[in-house]
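Data first, discussion second: the structure below is written as C-alpha cells.
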Amino acid sequence: LGFARSLKASGDKSKALAVLQEASLVHGNNKELASEYGRLALELDQINVAKKLLAIADDPAEPDWRVIMARGTALAKDGQYKEAITFLSRALVIAPDHPSIVN
C-alpha cells in the first residue's frame with residue numbers, strides 16, 4: 001500500500017493501480033487495500049472495478065466516509081443516481097464538515 005500511495009502521490013497513477021491490482025490477487029479481501037484500489041480505479045474511470053472493490057471495502061462496523069462517498073460517486077457515474085444519493089447522504093452524516101463533501 002505504501003508503495004502504491006507513493007506512486008500515486010508522484011503522479012504515476014497507472015503504475016499505482018497496477019501495484020494495487022497485483023496486491024489484491026493475494027489479499028483480495030483486505031478492506032484497506034480494496035479501499036485504496038477502488039478509489040484509484042474510480043479516479044481512473046474504471047467504474048465497474050471500483051464498484052466491486054468499494055463494496056468489499058465498505059465496512060458497516062467501521063464506516064469510512066471516503067469509501068462511502070466513492071461508492072456514491074461510482075453509482076452516479078454509472079447513471080444510478082437514486083442509489084448514489086443513499087451513499088452520498090451516508091457520507092455526509094459521517095463527515096458533515098469535511099471540505100470534500102460540503103464543497
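This is a predicted model, so every value here is computed, not measured.
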Q | More than 12 heavy atoms of other groups within 6.0 Å of Lys52 NZ | A | no
Q | Residues which pass side chain to side chain donor-acceptor pair (under 3.5 Å) with Gln21, listed by chain and number, not counting sequence neighbours | A | none
Q. Between the side chains of Gln80 and Lys51, is a donor N or O closer than 3.5 angstrom to an acceptor N or O?
A. yes
How long is the span from the [atom1] atom in [X] to the [atom2] atom in [Y], to the nearest 0.5 Å?
{"X": "Glu62", "Y": "Asp64", "atom1": "CD", "atom2": "CG", "value": "9.5 Å"}
{"X": "Leu7", "Y": "Leu20", "atom1": "CG", "atom2": "CG", "value": "9.0 Å"}
{"X": "Leu88", "Y": "Tyr81", "atom1": "CG", "atom2": "OH", "value": "12.0 Å"}
{"X": "Leu17", "Y": "Lys15", "atom1": "CG", "atom2": "NZ", "value": "13.0 Å"}

**Q.** Val93 vs Trp65 side-chain heavy atoms within contact, under 4.5 Å
**A.**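 They are not in side-chain contact.
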(Q) Between Lys13 (side chain only) and Leu40 (backbone N and O only), is there a donor and an acceptor less than 3.5 Å apart? (A)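 Checking the backbone N and O of Leu40 against the side chain of Lys13, no donor-acceptor pair under 3.5 Å is found.
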Q: Verify, without hydrogens or angle tests, whether Arg39 (side chain) and Ser35 (backbone) share a donor-acceptor contact under 3.5 angstrom.
A: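 Here the side-chain-to-backbone pair exists.
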Q | Closest approach of His27 to Leu33 (non-hydrogen atoms, all atoms of both residues) | A | O-CD2, 3.5 Å
Q: Work out which heavy atom in Ala76 is nearest to a heavy atom in Ala84; give both atom names and the distance.
A: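 Of all heavy-atom pairs spanning Ala76 and Ala84, the closest is N-CB, 3.6 Å.
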Q: Please answer: with hydrophobic residues joined when any side-chain heavy atoms are less than 4.5 Å apart, are Leu75 and Ile47 in the same cluster?
A: no
